[in-house]
Peer 1: 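Structure provided below as structure tokens; questions to follow.
Letters go in sequence order (proteins before strands), and every chain restarts at 1. Values below: all heavy atoms of this structure, side chains included; hydrogens, waters and symmetry mates excluded. In this text, all values refer to a predicted model and were calculated from it rather than measured experimentally.
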Protein chains: 2
Amino acid sequence: MTLGQTRTAAIPTIKRLPLYLRSLRDLQVQGEAFASSAALAKELMLDPIVVRKDLAITGVVGTPRRGFPVDALILAIMEFLGWSNTTDAFLCGVGSLGRALLGYEGFQLYGLRIVAAFDANPDKIGTKEHGVKIFDVRKMPTMIERMHIQLGILTVPADAAQSAANTMIAAGIRGIWNFTPVKLEVPDTVVIQRVDLASSLAVLSHRLAAQAAGCPLSPG
Amino acid sequence: MTLGQTRTAAIPTIKRLPLYLRSLRDLQVQGEAFASSAALAKELMLDPIVVRKDLAITGVVGTPRRGFPVDALILAIMEFLGWSNTTDAFLCGVGSLGRALLGYEGFQLYGLRIVAAFDANPDKIGTKEHGVKIFDVRKMPTMIERMHIQLGILTVPADAAQSAANTMIAAGIRGIWNFTPVKLEVPDTVVIQRVDLASSLAVLSHRLAAQAAGCPLSPG
DNA sequence: TAGATTGTTAATCGATTAACAATC
DNA sequence: TAGATTGTTAATCGATTAACAATC
């Protein structure tokens, strides 16, 4: 079944694509034209078979004895992820985490540009943070509509998360990158991706405990 | 095979434990003594079977018709994750992300306390951020040894990541929570857990693209 | 050509889901 | 007791790993 240009891919594969992208960009800077699955696998501590299977979804074919063309692969991965064309996003909640994300310059590599931030605190409204202007959160809906913003970054306190998400969605946001610990209830036309520090720390804590108990686990 | 107190558990299960913890704490505040797998599942949009299987690794048994005892379950999950006793951690790299983590009060719920921060910038050394003192990074090794710190939080720029990790490990750190995009090379006695924003954004981007192409995906 | 590397098809492994007996 | 909910055993599903033919 053909679904337009978007082929369905496994989540683990999609999570690895940015890792390849980073390695490939390093190789590109070093002037390498080709990268073998073995070389990429070694750098990322993966199996070469995983690399070949993952890269297959980009449609780029490698050549035996040489590997995969670096430039073409970078373009194909970015295209696949929709990172070729910059996506404009709004950030809601300029606390310490919100500020940190506004200051993160790496997002441009992922085709993401935070064009405005919003907060309820009058002291913050009208100021700038890392070059991004902070607006009154009450202006967010009209600005989302007017600028056709599709992606929202949610960095408000937990108790304001669901309400802010509702506002975003009502105004037409299609995806929310959720940095709060709240499980948002949203219509299934809206995509939610949560960054869960607690889950990450849980895995670390458990692996530390397992190590201490003398049972070395494989890297997760 | 008994491996001390630590039972081996699936990574997906471990990642879900903090979610249960959060829901259970809410229920505890509401005065609920018992929680059924169905109730927890509904709140977290999971299958009740998943909940029961996950909770089984804590050793807490539920009672038919009532569910699981909330208080006991909270304690058991925290114990399982090693969050009952506070873990002292050092943070290395007080950029915008480092500052954000220093300001995050939620960590105490996860048994984590950042007791000192380190940076190479003389302007930052000697100051405090969110109540945590910032020291010269050159003092980090001796302080790790003296205070028997086991956990390091890495928020330095990418090009300083491997070197800072080496320093931490040489001084006796056993686990690193890695917020840089660098794949660290470490001895396998050291546990690394990476928080990868790019992977998270990749999944979001891909799901948005899939939605746009008219093929709704199940939540990941 | 010989040999290394790709891409694909099959086998394994592990997590999720289903079915159902046990029990309060 | 009847009925709801647990816990376990089996079935399904999907990702990883292995095997190997194709090809430069």
Peer 1: For B:Asp54, is there any backbone N or O sitting under 3.5 Å from a side-chain donor or acceptor partner on B:Thr13?
Peer 2: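 Between the backbone of B:Asp54 and the side chain of B:Thr13 there is no qualifying donor-acceptor contact (under 3.5 Å).
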Peer 1: Could you list the residues that satisfy side-chain contact (heavy atoms from CB on, under 4.5 Å) with A:Arg174, not counting sequence neighbours?
Peer 2: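 For A:Arg174, the residues satisfying side-chain contact (heavy atoms from CB on, under 4.5 Å) (neighbours in sequence not counted) are A:Gln150, B:Leu208, B:Gln211, B:Ala212.
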Peer 1: Given that B:Pro48 and A:Arg16 both sit by DNA chain D, which one's nearest nucleotide is further toward the 5' end?
Peer 2: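 Nearer the 5' end of the strand: B:Pro48.
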Peer 1: What is the distance, rounded to the nearest whole Å, between atom NZ of B:Lys15 and atom P of C:dG14?
Peer 2: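 Going from B:Lys15 (NZ) to C:dG14 (P), I get 17 Å.
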Peer 1: If you assign A:Pro12 and B:Gly67 each to the DNA chain D nucleotide with the nearest heavy atom, which residue ends up on the more 5' nucleotide?
Peer 2: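 Nearer the 5' end of the strand: B:Gly67.
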Peer 1: Looking at every strand, decide which applies to B:Thr13 at a 4.0 Å heavy-atom threshold: base, sugar-phosphate, or nothing.
Peer 2: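 Result for B:Thr13 = nothing.
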Peer 1: Walk along nucleotides 19-24 of chain D from 5' to 3' and tag each nucleotide B, S or - by protein heavy-atom contact under 4.0 Å, base first, then sugar-phosphate.
Peer 2: ----BB
Peer 1: Return each pair, listed once, that meets ring-ring contact (aromatic ring centres under 6.0 Å, His included) where at least one residue sits in residues 18-58 of chain A; pairs must be two or more places apart or across chains.
Peer 2: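 The answer is none; no pair qualifies.
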Peer 1: Tell me the interatomic distance from A:Leu73, atom CG, to C:dT6, atom P, rounded to whole angstroms.
Peer 2: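 Taking CG of A:Leu73 and P of C:dT6, I get 11 Å after rounding.
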Peer 1: How many angstroms lie between CG in B:Leu204 and CZ in A:Arg194, if you round to the nearest 0.5 Å?
Peer 2: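 Going from the CG atom of B:Leu204 to the CZ atom of A:Arg194 covers 14.0 Å.
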Peer 1: Where do A:Arg52 and A:Ser37 come nearest, in terms of heavy atoms and distance?
Peer 2: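 In terms of heavy atoms, the two residues are closest at NH1-OG, 3.2 Å.
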Peer 1: For B:Met45 and C:dT16, give me the distance from atom CE to atom P, rounded to whole Å.
Peer 2: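 Spelled out: CE on B:Met45 to P on C:dT16 is 17 Å.
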Peer 1: I need the CZ-P distance between B:Phe68 and D:dA4, as an integer number of Å.
Peer 2: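 After rounding, the gap between these two atoms is 18 Å.
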Peer 1: Atom CG of A:Asp47 and atom P of C:dC13: how far apart are they, to the nearest Å?
Peer 2: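 Atom CG in A:Asp47 sits about 15 Å away from atom P in C:dC13.
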Peer 1: Please report, rounded to the nearest Å, how far the C1' atom of C:dT6 is from the CG atom of A:Asp54.
Peer 2: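 A:Asp54 atom CG is separated from C:dT6 atom C1' by 15 Å.
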Peer 1: Any chance the side chains of B:Gln30 and B:Asp26 put a donor and an acceptor closer than 3.5 Å?
Peer 2: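 Result is no, nothing qualifies.
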Peer 1: Under the ring-ring contact (aromatic ring centres under 6.0 Å, His included) rule, collect the residues that match up with B:Phe90, sequence neighbours excluded.
Peer 2: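 B:Phe90 satisfies ring-ring contact (aromatic ring centres under 6.0 Å, His included) with B:Phe118 once adjacent residues are dropped.
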Peer 1: What is the separation between atom CD1 on B:Ile57 and atom P on C:dA15, rounded to the nearest whole Å?
Peer 2: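 Rounded to the whole Å, the gap is 11 Å.
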Peer 1: Under a cut-off of 3.5 Å for both distances of each Watson-Crick or G-U pair, what dot-bracket string does DNA chain C give, using [ ] for crossing pairs and | for inter-strand pairs?
Peer 2: ..||||||||||||||||||||||
Peer 1: Where does the angle between the aromatic ring planes of B:His206 and A:Phe80 fall among parallel (under 30°), tilted (30 to 60°) and perpendicular (over 60°)?
Peer 2: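 Plane angle under 30°, so parallel.
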Peer 1: Is B:Ser36 close enough to D:dT5 that one of its side-chain N or O atoms is under 4.0 Å from OP1 or OP2 there?
Peer 2: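 Answer no for this pair, as no side-chain N or O of B:Ser36 is under 4.0 Å from OP1 or OP2.
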Peer 1: Rounded to whole Å, please give me the gap between NZ in A:Lys53 and P in D:dA15.
Peer 2: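 Result: 10 Å.
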Peer 1: Keeping to residues at least two apart or across chains, list the ring-ring contact (aromatic ring centres under 6.0 Å, His included) pairs with something in residues 161-183 of chain B.
Peer 2: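 Matches after skipping sequence neighbours: B:Phe107-B:Trp177, B:Trp177-B:Phe179.
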